[in-house]
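Here the structure comes first, spelled out in structure tokens, and everything after it is commentary.
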Number of protein chains: 2
Amino acid sequence: MNYSVVVVDDHFLLSQAIGGLVQGFKNFNVLFLCKNGKELLDKLNNPKNIPDLVLMDIKMPILNGIETTEILKKKFPKVKVLALSIEEDEYTILKMLKAGASGYLMKDTKKNILEKALIEVMQKGYYYTNTVSQILIDSLENEIDTDLKEKEIEFIKLACTDMSYKEIADAMCCSYKTVEGYRDSVHKKLKIKNRIGLVLFAIHHNLFTP
Amino acid sequence: MNYSVVVVDDHFLLSQAIGGLVQGFKNFNVLFLCKNGKELLDKLNNPKNIPDLVLMDIKMPILNGIETTEILKKKFPKVKVLALSIEEDEYTILKMLKAGASGYLMKDTKKNILEKALIEVMQKGYYYTNTVSQILIDSLENEIDTDLKEKEIEFIKLACTDMSYKEIADAMCCSYKTVEGYRDSVHKKLKIKNRIGLVLFAIHHNLFTP
DNA sequence: CAAAAATACAGGGAAAACCCTGAAAATTTG
DNA sequence: CAAATTTTCAGGGTTTTCCCTGTATTTTTG
């Protein structure tokens, strides 16, 4: 059995190099490479381009890994997604797995682990490292209260620019006092004490990419 | 002639994959891989480990690419350094070239460009893409006033946390008014209008890694 | 060594951010 | 449809940030 793989990553050298590694594995061949999620989804309109597995980076321009995975799994549930990211952040990992990824490989992954992961995902349907499993278990216990509303997320993204809250209110077409309300609830939910903390949270949790 | 290459990058898959690419090039072989600058410098204490060329990432834990290159070029001026980074930020590129790098490859570099760059660096002594050349020219014209003082850089790093300026003053063992002075001069130099802008600048220019 | 420049710090005022309480208006739900 | 909840927004006060002018103190430089 031979499996086709697509690598999606905006870092060209990385995707090309990973493609090379995958091509070297038994039973796997690389179909093509993509620079971002948009490019991948466009390509998949042609049935010839549908792979068995997608190796997907998370931080990407235009359409990131989480959004791309959500759309991809809706349209093509059979295509397996293996997340491949530099960041090892709990929140992001959970988001990616919720979106439908079958596994999550970190930046310190070695060649033979990549091969093992590819094989297990195609055969068992999933591959979780110990670190990822532990995060999953912890998340069940803690039940992280991070169900941010749409408006709150929109606010956070704007709070990551050098706009004042008054300017943010204009941009969101609402009162300045409403923006203060968003800020207060976000501060409470995320246990953050000021706007700098909010920016750092947003970056770490991929709500905002600087 | 056969040249030895060392790859320094905290992203294991990337360094391994790039190592694979380089190993495939004529006249080049990979000596070893490193996870950060500290690891590289330690290894170089053994004369057997001194390569002809180092492919160096910039964002790394412990010791970053700029600092590592500075130390490396002082101790071993003959070793060529080729920067290999995800970020294409003017300030960082200039810093890296000033530190002694013989070239700067961006994230969209392709396999054959990498080979060409390696060959040119070893033969001509340098390799600059059009983008990098343009940045160099622009910098000469604009003479970017970004010679931040030590204290200002220390301040910026602290301003990237959720500390108040009062707390920063305590941390820096100086008056609150002095901290305000640092802030004002930094705002002026970098043409920034508030603390969020400063954080974003610091991230983009690798003064701070979130 | 004197002039110039850089550095550390102050006063004081305006703007923005922070943080309560509370109350219409809209939405969800039994 | 009425009750409960969520969302939007207001008043008002405190703290922090921002920004100006100005002045000793130290350092650099001709």
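Chain letters run A, B, ... following the sequence lines, proteins first, then strands; residues in each count from 1. Predicted model only: the values in this text are computed from it and were never measured.
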Of the options [options], whose atoms approach the side-chain atoms of [X] most closely?
X        : options                : answer
A:His187 : C:dC9, C:dC18, D:dT8   : C:dC18
B:Lys166 : C:dC18, D:dT16, D:dC18 : D:dT16
A:Lys151 : C:dA8, D:dT8, C:dT7    : D:dT8
B:Ser164 : D:dT17, C:dC9, C:dA17  : D:dT17
B:Tyr165 : D:dT17, D:dC9, C:dA17  : D:dT17
A:Arg195 : C:dA17, D:dC18, D:dT7  : C:dA17
B:Arg183 : D:dT17, C:dC9, D:dT8   : D:dT17
A:Ser175 : C:dC18, D:dA10, C:dC9  : D:dA10
B:Thr178 : C:dA17, C:dC9, D:dT7   : C:dC9
B:Lys177 : D:dT7, C:dC18, C:dA10  : C:dA10

In this structure, how many angstroms lie between the [atom2] atom of [N] and the [atom1] atom of [X], rounded?
X        : N      : atom1 : atom2 : result
A:Tyr176 : C:dA16 : OH    : C1'   : 6 Å
B:Ile192 : D:dC18 : CD1   : P     : 11 Å
A:Asp162 : C:dA16 : CG    : C1'   : 14 Å
A:Lys149 : C:dA26 : NZ    : C1'   : 14 Å
B:Phe155 : C:dT7  : CZ    : P     : 15 Å
A:Ile196 : D:dT17 : CD1   : P     : 8 Å
A:Glu150 : D:dT8  : CD    : P     : 12 Å
B:Glu167 : D:dT16 : CD    : P     : 8 Å

Any side-chain heavy atom of [X] sitting closer than 4.5 Å to one from [Y]?
X        : Y        : result
A:Asp162 : B:Leu200 : no
B:Val6   : B:Leu40  : yes
A:Thr209 : A:Ile203 : no
A:Lys80  : A:Tyr126 : no
A:Val7   : A:Leu14  : no

Donor-acceptor pair present, B:Glu180 side chain and D:dC18 base, under 3.5 Å: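 Flag set: donor-acceptor pair detected.
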Side-chain N,O (A:Tyr182) to OP1/OP2 (D:dT8) below 4.0 Å: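 Answer yes for this pair, as a side-chain N or O of A:Tyr182 is under 4.0 Å from OP1 or OP2.
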Residues A:Arg183, A:Glu180: salt bridge by 4.0 Å N-O rule: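 Counted as a salt bridge, because a side-chain N and a carboxylate O are separated by less than 4.0 Å.
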First encountered from the 5' end of DNA chain C, between A:Asp184 and B:Cys173: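 Between the two, 5'-proximity favours B:Cys173.
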